[in-house]
J.: 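So that we are looking at the same thing, I have put the structure below in structure tokens.
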Amino acid sequence: MRVAVIGAGVIGLSTALCIHQQYHSLVPSLDMEVYADHYTPHTTSDGAAGLWQPYLSDQGNLQETLWNKETFDYLLGHLGSPAAREMGLFLISGYNLFTQPVPDPPWKNIVLGFRNLTPKELELFPGYSYGWFNTALMLEGRSYLPWLTNRLTERGVKFCHKKVESFQEVFAQGVDVVINCTGVRAGELQPDPELQPGRGQVIKVLAPWVKHFIITHDIKSGIYNSPYIIPGSEFAVLGGIYQHGNWNEENSAQDHKTIWENCCRLLPALQNAKIVGEWSGLRPARPRVRLERETLGHGHCQAEVIHNYGHGGFGITIHWGCAMAAARLFGSILQEKQPGSPPLPRL
Amino acid sequence: MAAPKVAVVGAGVIGLSTAQCIMETCPGCSITVLSDQFSPNTTSDVAAGMLIPHTCPGTPTHVQKQWFRETFTYLFAISNSAEASEAGVHLVSGWQVFKNTPKEELPFWSDVVLGFRPMSKAELQKFPQHRFGQAFMTLKCDCPSYLLWLEKRLKAAGVQMQTRKVADLWELHSKYNVVVNCAGIGAHQLVGDEKLFPIRGQVLKVHAPWVKNFIRDGDGLTYIYPGIHRVTLGGTREKDNWSLSPDPGATKDIFDRCCSLEPSLRGAQEIEVKVGLRPARQCVRLQREVLSQGGVKLQVVHNYGHGAGGFSVHRGTAKEAAHLVGECIAALQDSSSRAKL
């Protein structure tokens, strides 16, 4: 059974690992390959700060909240293990700031110690009158992707540096199942008008005295269009840009100014922070994650695709829940391919 | 009397902050800080500088709370300013965990720190050996940044710094009108205070920048305090031990205890071992004294004996000491004007 995973960001690699972990012993012939045009440290996942935090509202999409919870619990379970360091996984606490009271988020009971900010704490943030404090997790792509790659390599999974132009191209080589984790460029393999880039830009600085994440929200300008500061293990990430439909991956001087001024206003001491880098990336934005099976082709040559893309700005937050769901879909494909078993009705 | 000349003996956090408060309340004073050690070689440099008070049995709780509150308010403003990184003052949140529920679930300082609350069951799961805990946010003064920042401000205001070992306060009487004794553990020898004793503390300073939260065992012996560049792992509390040499057995023990609270510390790098002698006393000696020798008087203000809680109350005690210095100067001006009559 040949499986090709297209895409080597957090979604591709974690889905590959999840499927391999669950099915390798059941399917001795399982032969898995990863195809990608970009590998760490050049994927979208590498640019993300790595903070586990979903959007403020799941828009009634309970499924995504469950996947977020599954991911958080999975990561929390790994915290005490020796692997945590190598994974780039650690606890971090911080603030979400608002200019007016807002309802509690669907993830308030997933994170640890969720509470409202006290008036004294709000004194730190003039202009913000309401907020939350909680402990969450950081999972830094720069470490997590190499860790995933090592786990896959140990399992004999092969990596191929190539840009896949079509599903057909892959099936023509004898692949049985394709896992489509192509992120923002999924539309190149199959048109998807719902998938749009959510362009972001970040400035990386040395500010090791900052121990908390600070995420501001401006209900009017929308998610990630308000300044945020996320301290990582080596540098802090300053951001606050979300441009829907903008495919430009070049850094913009105007966006730099916006981020810098807004973040320095939030934390005056940042003025003394040394800038060590700048990066732009395209969040694979979609009204909801596309996580489903698709059967291509007809007759005896049924080619199976499992789509797992469109995770917007919460890929790291949701990745393991989605990987597990993709693995379940893979399981149902295996079930159908059992010799002698009747074809299952498509659900 | 011409500009009063004040000598501050000691250049740790107490000496420097006291000099700063004197400078603020007595702008006409000429101040000199004298010490055999300056940062990075003071006891303060070894301390993590966490604002978590230690109960001092001889001082009324409301006084300790006042000192702590003043210190907290002062540092809170700095942490929120552009100077925060240079001053080494930053907020840090975390947990204090107990193996057994403490008698006093609400310490006197719980409404001074930020967001104080009991830990949830989910949070306690991270600490399987502990049954109860408190979560809060407080401030940390990273040394030597904090001391260097204080020194810089003092020098800019005309305060003199002198490296000199003062063996006897009387050495200073000819040049200075008031002597402020902030000698910390040095007061044992300097003024012969037998009630002052060291509580030796050994700590490890490690590179572990992924540790963003503090963790403290309520027994006060084991703690993990993330600073700007280093995480302080502690510790020991050895009464009457004067040794400043690192003890390798203690190093291993501290490291193991901290790793059991935070397993990821096994990957910590660049482990540096430091030793400091906490200047412990039944209570902080914060009082005036007029020394007399052969008809000559010397106005002294004592401000030492802060034990494990120096950083937590430094600003509060410095302000009170500065107030006492003011009283000394008033007394001197009084007697000098009476002398003219």
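Everything quoted here is computed from the prediction, not taken from an experiment. All chains are named by letter (A, B, ...) in the order of the sequence lines, taking the proteins before the strands, and each is independently numbered beginning at 1.
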J.: Determine whether a donor-acceptor pair (N or O, by modelled atom type, separation under 3.5 Å) exists between the side chain of B:Ser110 and the backbone of B:Pro107.
T.: yes

J.: Does the distance from a Lys or Arg side-chain N to an Asp or Glu carboxylate O, for B:Glu24 and B:Lys319, drop under 4.0 Å?
T.: no

J.: Below 4.5 Å from any heavy atom of chain A, which atoms of B:Ser81 appear? Answer side chain, backbone, both or neither.
T.: backbone

J.: Where does A:Ser81 contact chain B at under 4.5 Å (heavy atoms): side chain, backbone, both or neither?
T.: neither

J.: Chain A heavy atoms under 4.5 Å from B:Met119: which part of the residue, side chain, backbone, both or neither?
T.: neither

J.: Using non-hydrogen atoms only, which part of B:Ala135 is less than 4.5 Å away from chain A: side chain, backbone, both, or neither?
T.: neither

J.: Determine whether B:Glu151 and B:Ser39 satisfy the following criterion, side chain to side chain donor-acceptor pair (under 3.5 Å), listing intermediate values before the conclusion.
T.: CA-CA 9 Å; B:Glu151 273 180 45; B:Ser39 179; 5.1 Å; no

J.: Most heavy-atom pairs under 4.5 angstrom with chain A, which of B:Lys140, B:Met137, B:Glu86, B:Glu83?
T.: B:Met137

J.: Answer with side chain, backbone, both or neither: which region of B:Lys126 has an atom nearer than 4.5 Å to a non-hydrogen atom of chain A?
T.: side chain

J.: Please identify which of these residues, A:Asn96, A:Asn68, A:Thr317, meets the side chain to side chain donor-acceptor pair (under 3.5 Å) condition with A:Gln53.
T.: A:Asn96

J.: What part of B:Asn80 gets within 4.5 angstrom of chain A, counting heavy atoms only: side chain, backbone, both, or neither?
T.: both

J.: I'd like to verify something: which residue of B:Pro263, B:Pro209, B:Ala82 has the highest number of heavy-atom pairs under 4.5 Å with chain A?
T.: B:Ala82

J.: Quick check on A:Glu123 against chain B: is it the side chain, the backbone, both or neither that has a heavy atom closer than 4.5 Å?
T.: both

J.: So which of A:Cys264, A:Ala273, A:Ala269 has the biggest tally of heavy-atom pairs under 4.5 Å with chain B?
T.: A:Ala269

J.: When heavy-atom pairs shorter than 4.5 Å are enumerated against chain A, which of B:Ala84, B:Ser93, B:Ala87, B:Gly88 gives the highest number?
T.: B:Ser93

J.: Which residue out of A:Gly94, A:Gly113, A:Gly80 racks up the most heavy-atom pairs below 4.5 Å with chain B?
T.: A:Gly113

J.: Please identify, among B:His229, B:Glu262, B:Lys212, B:Gln125, the residue contributing the most non-hydrogen atom pairs under 4.5 Å to chain A.
T.: B:Lys212

J.: Could you have a look at A:Arg115, A:Glu86, A:Gln271 and say which one has the most heavy-atom pairs with chain B under 4.5 angstrom?
T.: A:Arg115

J.: Let's go through A:Glu234 and A:Lys204 carefully: what are the C-alpha distance in whole Å and the side-chain angles of both, what is the deciding distance for salt bridge (charged side-chain N to carboxylate O under 4.0 Å, His left out) to 0.1 Å, and is it a yes or a no?
T.: CA-CA 10 Å; A:Glu234 280 176 48; A:Lys204 301 180 209 176; over 6 Å; no

J.: Heavy-atom pairs under 4.5 Å with chain A - which of B:Ala122, B:Ser85, B:Gly227 has more of them than the others?
T.: B:Ser85

J.: In terms of heavy-atom pairs under 4.5 Å, which option from A:Glu140, A:His212, A:Lys120 contacts chain B the most?
T.: A:His212

J.: If I measure from the heavy atoms of chain B, does A:Pro82 come under 4.5 Å with its side chain, its backbone, both, or neither?
T.: neither

J.: Output yes when B:Asp111 and B:Lys65 qualify as a salt bridge under the 4.0 Å nitrogen-oxygen rule, no when they do not.
T.: yes

J.: Assess whether side chain to side chain donor-acceptor pair (under 3.5 Å) is satisfied between A:Arg155 and A:Gln21, documenting all intermediate values.
T.: CA-CA 9 Å; A:Arg155 291 170 159 274; A:Gln21 279 173 343; 5.7 Å; no

J.: So which of B:Ser120, B:Ala208, B:Gly115 has the biggest tally of heavy-atom pairs under 4.5 Å with chain A?
T.: B:Gly115

J.: Rounded to the nearest 0.5 Å, how far apart are CG of B:Leu204 and CG of B:Leu265?
T.: 10.0 Å

J.: Look at the aromatic rings of B:His130 and B:Phe127 and report parallel, tilted or perpendicular, splitting at 30° and 60°.
T.: perpendicular

J.: Tell me yes or no: between the side chains of A:Asp255 and A:Thr258, is some donor less than 3.5 Å from an acceptor?
T.: no

J.: Regarding B:Arg117 and B:Glu123, does a basic nitrogen lie under 4.0 Å from an acidic carboxylate oxygen?
T.: yes

